Amino acid sequence: MNEFQTTLELRIDWSEVDIFRHVNNVAFFKYIQAARVRYNDLVGVSEGFLETGIAFMVAESSCTFKKPLNFPGYVNIATRCEWIKNTSFGLHHSLMDVNDEVVAEGHDVIVYYDFNQNTKLPLTDYILHRLKMIKFQEEDL
């Protein structure tokens, strides 16, 4: 699973930068979160949460900063599934500036979780199939 499955473009807001117009490190995690939520919506992990109490839980999130990201502009986040286990999967995010240069790499560990029973669950066949898709299309949302 080397190809990125989805991309998300976000506008850099002036409130996310320091006096030097560099995006603050906390904003990178906000961008990763937006990409993670979108990806999980595409996969279907979040479907029916209000009725079932079953969804995803972030077990780990990290970011490696490669170079400054500056205001004004946009950040593009490309996301793919890196690995799949019985109850969890890993996401890789590549954050790029307007010149398509990588400014950061993010990694998440996502656990399929029953919030009613406070326990992790095996990934369903449907979710496994969706995680293994090559690319998501906009109409998948």
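All values reported here derive from a predicted model rather than from experimental measurement.
- Residue Asp125 places its CG atom among 12 or fewer non-hydrogen atoms of other residues, nucleotides or ligands, all under 6.0 Å distant.
- Annotation: side chain of Ile77 is not in contact with side chain of Ile32 (no heavy-atom distance under 4.5 Å).
- Under the 4.5 Å side-chain criterion, counting only non-hydrogen atoms from C-beta, Ile12 is in contact with Tyr31.
- Counting heavy atoms from C-beta outward, Val102 and Met96 have side chains that approach closer than 4.5 Å.
- Between Asp97 and Lys67, some side-chain heavy-atom pair lies under the 4.5 Å cut-off.
- The number of heavy atoms from other shown groups lying within 6.0 Å of CZ (Phe65) is above 12.
- To the nearest 0.5 angstrom, Asn76 atom CG is 6.5 Å from Asp100 atom CG.
- For the ring-ring contact (aromatic ring centres under 6.0 Å, His included) with Phe49, the qualifying choice from Phe56, Tyr112, Phe115, Tyr113 is Phe115, the only one to do so.
- No single ILVMFWY cluster, assembled from side-chain heavy atoms under 4.5 Å apart, contains both Leu8 and Leu91.
- Here Arg130 contributes atom CZ and Tyr126 contributes atom OH; the two are 4.0 Å apart, rounded to the nearest 0.5 Å.
- For the pair Gln5 (side chain) and Met133 (backbone), a donor-acceptor distance under 3.5 Å is present.
- Ring planes of Tyr39 and Phe89: tilted class, angle from 30 to 60°.
- Lys132 places a side-chain heavy atom less than 4.5 Å from the side chain of Ile84.
- Each of His92, His93, Glu3 was evaluated against Arg80; a single residue qualifies, His92, per the side chain to side chain donor-acceptor pair (under 3.5 Å) test.
- In terms of modelled atom types and a separation under 3.5 Å, the side chain of Arg21 and the main chain of Trp14 share no donor-acceptor contact.
- Between Asp18 and Asn24, every side-chain heavy-atom pair lies at or beyond the 4.5 Å cut-off.
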